[in-house]
Amino acid sequence: MGMPTAAVFGAGEDRHADATSSPPPPTEVGAKANVEMALFGIYEISKILTTPARLEIALSNVVNVLTSFLRMRCGMIVVLDDPGEIEIVAAAGWTRQGGGRAIDSLPRTVIDRIVATATPLVVHDVAHDPLFAGAKGLVAEATDARVSFLGVPIKAADKVVGTLSIDRVWDGRTRFRIDDDLRFLSMVANLAGQTVRLHRILAADRQRLLDERGALEKALGNELEGRVKGPPPKIAGIVGESEPVKRVLATIAVVARSNSTVLLRGESGTGKELFARAIHDLSPRKAKPFIKLNCAALPESVLESELFGHEKGSFTGAVATRAGRFESAHGGTLLLDEIGEISPAFQAKLLRVLQEGEFERVGGNKTLKVDVRLVCATNRNLEEAVAKGEFRADLYYRINVVPVFLPPLRDRPGDIPHLARAFVERFNTENGRHLTVAASGMEMLKRCYFPGNVRELENCVRRTATLAHGDQIVAADFACHTGTCLSSLLWKSAPKPPVAPNPIDQLASGVVTVAPTPSWGAPPAVVPVAPSETAAVAATEIPSGLCEHAADPSCPALGGRQSERDRLVDAMERSGWVQAKAARLLGLTPRQIGYALKKHDIELKRF
């Protein structure tokens, strides 16, 4: 490996005048040991720089690791911004004196010299060099020792973006090989430069996406109010007249006009696929294909073939060339359901397609370009997954351009009758029946909680319609009345303390639900039925054996309709007004508990 020419300064002295600076040639064994140590150091530093972390933290860890591989007193990495001002300083071995900063010990003239020349700088004795005039922090305290300085430029795409420097004390006993150290520092600086470049690309991309999202949110804010007050757009398959549904429909009506990526978020069973189809139908791409794929249903190897296609003979069973979902959706819309379930390795492959709009089929070498509007859907807490390193932050920002939060059914109880009638009509059409829902049956449904949301309501209606004895579905026909409600069994066997689903999603949507619910959703509904003309059921009757948690205010047998404030107060009382304990009971974080307490103006009790 060739080395760039180093600028060497030493106050006019001969570089080889000191025997300590020019040791005898090393033995073959010693040279091999030095090479192995350098390779090991590069390996350790590369691991640090490829670990997801903030740039300043990664660079600080690099400087700390350098102390293990170089005999140095202090080390420093300085990163400059585009105008040339100091942006990041990472130092190791520096001792704070008089409240000063590490960067104050390194003259700006030294940094400017390295940046301007783009070559390494070596100064044998900083005490007698004009570049370090006034830099007392680099002068050794011992009078019989001198301090030398080694600095190399940090480059990114042929541009110097910073410096990497060390200083060491010559005490007359230790021998150093400056050329070997410069070579090692140059390799470390190259790795650091590439890391700085990648972080800046990611930051610029993230800022662009945030700006795009802000512009869309501003456009939405200007149009939503009028659209919500007016009739929502008619979309096949979506039933509901509640305000949450109107707001979502108004949102997607505005979003559909652009090509921005949409992330549909909500609990399982809220109809994410239907809303994705609505975005496509309301967009200029409605004449083009609408392709969907459930990412959680396929292993990674099959998922890659499904999305990108494959060439003939690329793997066992590939008897012909096959186009993937991206190709099939060219010009149209692609729905990636359960996007949060894909592996980190596949996330990197997907990111390239989203950034560049191009990919290669499995087993092929021809680059294909596609024009696809992407809609993603998930019920996972992606923010938590990013924090844990399970989901790439750059992919998160790429797909989270326009998030749309779909309301759970418990937040739109007024839509339950409309949905129930629609499901009964669909059942009648498919089976040649003429069933209707009686008032008592509708009252039963309206009192239910439905943790599985619209999907569970549909299954409940279909099951009851199939087993109904007459042409009217009454309260006695429902499983809740007979004690065979599967949701009740799930609630009964749910572990305690329960965990609320996706609290960050709830915060982002402006709704904090602090009900103690099982991890798979909200509490199911086993509720008392009001008296009616067809079923004489006591209003306070709870079928025996259905719920062993009847004393729990959130038990579905009591309706599951306790207010947020009451649930929060109940959890705080049960935890002795300790916010951390209450957070664990409710499946929230202490910060979210504090937010909820302020929201409901609940005064903390001190004991």
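Heavy-atom basis, side chains included; hydrogens, waters and symmetry copies ignored.
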For H199, what residues pass the ring-ring contact (aromatic ring centres under 6.0 Å, His included) criterion, not counting sequence neighbours? none
Qualifying residues under salt bridge (Lys or Arg N to Asp or Glu O under 4.0 Å), relative to [X], sequence neighbours excluded:
X    : result
E300 : none
D158 : none
K366 : none

Distance check, rounded to the nearest 0.5 Å: L351 atom CG versus E356 atom CD? 9.0 Å
Euclidean distance, F326 CZ relative to D371 CG, rounded to 0.5 Å: 12.0 Å
Residue list, side chain to side chain contact (heavy atoms under 4.5 Å, CB included) with [X], at least two apart or on another chain:
X    : result
T50  : none
I201 : R197
A387 : none

Pair F391 + Y396: ring centers closer than 6.0 Å: no
Would you please name every residue forming a side chain to side chain donor-acceptor pair (under 3.5 Å) with [X], sequence neighbours left out?
X    : value
E304 : K349
T270 : none
N294 : none
E327 : R361

Basic-acidic side-chain contact under 4.0 Å: E358, R352: yes
Side-chain H-bond candidate by donor/acceptor type, S148 with H124, under 3.5 Å: no
Is there a donor-acceptor contact under 3.5 Å linking the side chains of T117 and T119? yes
Could you tabulate the donor-acceptor pairs under 3.5 Å formed by side-chain atoms of residues 56-65, not counting sequence neighbours?
{"residue": "E56", "atom": "OE2", "partner": "R54", "partner atom": "NE", "Å": "3.1"}
{"residue": "E56", "atom": "OE2", "partner": "R54", "partner atom": "NH2", "Å": "2.5"}
{"residue": "S60", "atom": "OG", "partner": "E56", "partner atom": "O", "Å": "2.8"}
{"residue": "N61", "atom": "ND2", "partner": "I57", "partner atom": "O", "Å": "3.3"}
{"residue": "N64", "atom": "ND2", "partner": "S60", "partner atom": "O", "Å": "3.1"}

